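Per chain, numbering begins at 1; letters A, B, ... match sequence-line order. Because the structure is predicted, anything quoted here is derived from the model rather than measured.
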Amino acid sequence: MSNEPLVLGIETSCDETGVGIVRGHTLLADAVASSVEEHARFGGVVPEVASRAHLEAMVPTLERACETAGIALSDVDAIAVTAGPGLAGALLVGVAAAKALAISLDKPLYGVNHLSAHVAVDQLEHGPLPDPCLALLVSGGHSSLLRVDDVTSSVTPLGATIDDAAGEAFDKVARLLGLPFPGGPHIDRVAREGNAVSIDFPRGLTARRDLERHRFDFSFSGLKTAVARWVEAREASGEPVPVADVAAAFQEAVVDVLTRKAIDAAVDQGIEDILIGGGVAANSRLRFLATERAAAKGIRVRVPRPGLCTDNGAMVAALGSEMVARGRVPSALDLPADSSMPVDRVQF
Amino acid sequence: MLLAFDTATPHVTVALHDGERVVAEYASTESMRHGEMLAPGIADVLARAGANSRDVTAVAVGVGPGPFTGLRVGLVTARTMALALGIPVYGVCSLDVLAAEAIDGGLDEFVVATDARRKEVYLATYADGLRTEGPVVVKPADAATSVTAVGYGGLLYPEAFPNTAGPEHPRAAVLAQIVVAERFELLDPEPLYLRRPDAVEAHARKKVS
Ligand SMILES: [Zn+2]
């Protein structure tokens with residue numbers, strides 16, 4: 001156990017400054033500083049505000065992670081960092097910090113894909129990943145279905161959103177209903193008091209004509225517009241908006257499509273394990289429905305605990321640790337931050 | 001040894017100073033690639049001086065003003081190296097770096113102007129070896145002067161700055177000398193943004209229909 005490598009991971013792709021420390025599959029520290037409150041009044045993440053916050057948070061977050069893990073930076077055996085995808089200026093702060101550590105400590109550096117890191121993090125909680133597994137990653141920035149044959153080298157995109165990310169739809173509908181940003185947790189909470197079948201909102205890309213080209217893709221823009229129209233019509237008629245019912249019916253529409261497509265993809269690929277990650281994976285209805293529907297098909301579902309689903313440094317450290325364990329070649333010091341890093345490129 | 005770098009312009013400049021003199025220097029050839037060029041530049045000066053990171057006893061960094069994205073690459077690198085190596089980090093106004101080189105070249109009263117984009121310049125005024133005003137961000141027309149202008153901003157706006165001389169961009173070798181000799185005020189490694197982030201507060205929602 002103690003001879004397993006000590007890996008530090010840095011994540012700055014959006015508004016969370018994350019530093020995680022793992023030894024093998026054991027999580028030692030997961031320090032996160034969020035600038036979410038600075039973005040709340042803008043109704044969404046402002047890239048320049050996020051980048052400034054990353055610079056200010058980086059050293060304190062590194063210190064906090066080391067303190068929690070009870071290690072010195074000089075004990076670290078390898079450094080991993082999110083190289084992409086994400087906000088360009090935000091990514092750059094993390095990548096530069098990781099390089100500074102690699103140079104100072106003279107240790108290998110792994111620039112990794114944020115999406116693969118969302119998959120790898122589950123190893124910290126539920127042990128080694130089954131090969132292959134199917135990953136459903138849903139957050140404010142991504143909505144993807146991936147076939148994962150090896151989380152360090154072989155990730156194949158099966159489908160993705162063609163417009164808004166699922167988490168974005170949660171934020172926009174929350175705003176429409178007068179709920180705070182970020183919308184996910186608030187919709188989840190309010191929806192528990194509502195009737196999910198009281199309003200029939202559209203399920204994007206599930207019609208027969210869409211299934212040929214977009215069988216495993218998602219679309220949440222039409223749903224968002226449908227909710228807005230419904231709420232406006234209610235307001236125009238002078239009736240109160242049943243916030244809990246709208247939240248529940250909207251959430252059901254999102255979660256229904258996500259779970260249906262994930263299970264369809266698993267069955268199609270002959271895969272028996274589904275892993276759900278990303279901020280929206282913290283949604284209680286998604287966890288419940290996915291587990292229930294998958295069980296009916298003999299498919300297992302793994303979901304990391306909510307704190308590991310949202311963006312964090314532990315997930316990057318987890319993937320870095322796996323890179324070291326599988327003998328992957330480290331990245332070069334001129335590694336770029338790639339805001340549109342393709343899903344199937346696990347490492348730079 | 002003092003490791004010095006500046007990323008407050010489109011370029012990356014790195015130098016290593018042994019307390020007596022600059023022993024290695026690196027200048028990036030490509031512009032706006034701070035994230036890619038700085039770390040290899042640091043590795044390059046260390047290798048050419050036959051040194052390693054544990055020989056570095058202090059870090060000096062240009063704190064701008066300059067384009068934000070590049071500026072942050074320099075600052076986070078300096079702060080993180082200082083943390084990892086347990087050494088101090090010193091900030092220097094990037095315009096002072098240009099001024100020091102201009103003073104060494106014989107100038108006495110002058111302004112330093114660098115490109116702030118959006119048709120503006122970062123500007124500071126110098127006399128008798130000291131910064132007397134600035135840095136500020138201004139429109140060139142509002143800063144028009146017949147006094148000698150140092151830096152790339154002067155070259156960009158010849159109508160506002162008809163007399164130009166001296167270096168176009170800061171050099172880390174000069175930055176290192178400033179810190180060693182404490183020629184200008186040494187600052188905390190905090191960015192001189194001089195501008196607030198562009199962001200619009202969320203107002204009432206728009207109708208979709
Ligand atoms: Zn994410």
Side-chain angles (χ1 to χ4, degrees), chain A residues 10 12 38-44 46-52 54-56 58-60 62-63 66 72-74 76 88-106 109 172 175-176 178 181 224-229 231-233 236 332-337, chain B residues 3 5 7 12 28 30 32-47 52-54 56 59 61 63 67-87 89 189-191 193 195-209:
Chain A
I10 297 179
T12 61
E38 293 174 57
H39 304 287
R41 65 199 168 102
F42 303 111
V46 181
E48 177 62 19
V49 172
S51 298
R52 289 185 181 197
H54 286 309
L55 171 61
E56 295 317 314
M58 184 55 66
V59 163
L62 282 166
E63 288 178 310
C66 288
L73 276 176
S74 53
V76 168
L91 287 167
L92 206 46
V93 175
V95 169
K99 290 180 183 181
L101 288 179
I103 293 176
S104 301
L105 307 172
D106 198 17
L109 170 71
K172 288 174 180 168
R175 207 173 134 200
L176 207 64
F181 172 86
K224 175 195 71 192
T225 308
V227 175
R229 288 223 166 91
V231 169
E232 279 168 17
L333 274 182
D334 66 353
L335 140 84
Chain B
L3 174 69
F5 43 84
T7 57
V12 168
S28 71
E30 291 170 78
M32 297 318 294
R33 290 190 61 211
H34 309 91
E36 288 98 317
M37 310 302 286
L38 178 58
I42 293 170
D44 180 72
V45 296
L46 288 173
N52 64 49
S53 60
R54 282 175 306 282
V56 178
V59 180
V61 63
V63 298
F68 306 156
T69 304
L71 187 57
R72 277 190 287 267
V73 169
L75 282 162
V76 80
T77 301
R79 291 181 188 183
T80 307
M81 286 192 77
L83 175 74
L85 295 167
I87 58 176
V89 54
E190 295 292 338
Y193 289 124
R195 280 186 185 129
R196 301 171 71 82
D198 287 332
V200 190
E201 295 205 23
H203 294 294
R205 64 176 204 262
K206 284 183 284 213
K207 291 269 179 196
V208 291
S209 51

Would you call [X] and [Y] a side-chain contact if the rule is heavy atoms closer than 4.5 Å?
X	Y	value
Glu56(A)	Pro191(B)	yes
Asn52(B)	Asp106(A)	no
Met58(A)	Thr80(B)	yes
Arg52(A)	Arg72(B)	yes

Please name the pair of heavy atoms, one in Asp334(A) and one in Glu36(B), separated by the smallest distance, quoted to 0.1 Å.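 It is O-CG, 3.3 Å.
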Quick check: closest heavy atoms across Arg79(B) and Leu55(A), and the distance to 0.1 Å?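 Smallest heavy-atom distance, with atoms named: NH1-O, 3.1 Å.
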To the nearest 0.5 Å, how far apart are [atom1] in [X] and [atom2] in [Y]?
X	Y	atom1	atom2	result
Ile103(A)	Thr77(B)	CD1	OG1	7.5 Å
Leu3(B)	Ser104(A)	CG	OG	9.0 Å
Leu85(B)	Ser74(A)	CG	OG	10.0 Å

Is the side chain of Lys99(A) donor-acceptor paired with the backbone N or O of Gly35(B) at a distance under 3.5 Å, no angle test?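 Side chain of Lys99(A) to backbone of Gly35(B): a pair is present.
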Check each atom of [X] against the heavy atoms of chain B and say whether the ones under 4.5 Å are side chain, backbone, both or neither.
X	result
Ala337(A)	neither
Ser51(A)	both
Leu335(A)	backbone
Leu73(A)	side chain

Return the set of residues passing side chain to side chain contact (heavy atoms under 4.5 Å, CB included) with Ser28(B) (not counting sequence neighbours), or none when no residue passes.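 Ser28(B): side chain to side chain contact (heavy atoms under 4.5 Å, CB included) contacts with His11(B), Val12(B), Tyr26(B), Met37(B).
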So if I apply the side-chain contact (heavy atoms from CB on, under 4.5 Å) rule between Val93(A) and each of Thr69(B), Val73(B), Leu75(B), Val76(B), which one comes out positive?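 The passing option is Val76(B).
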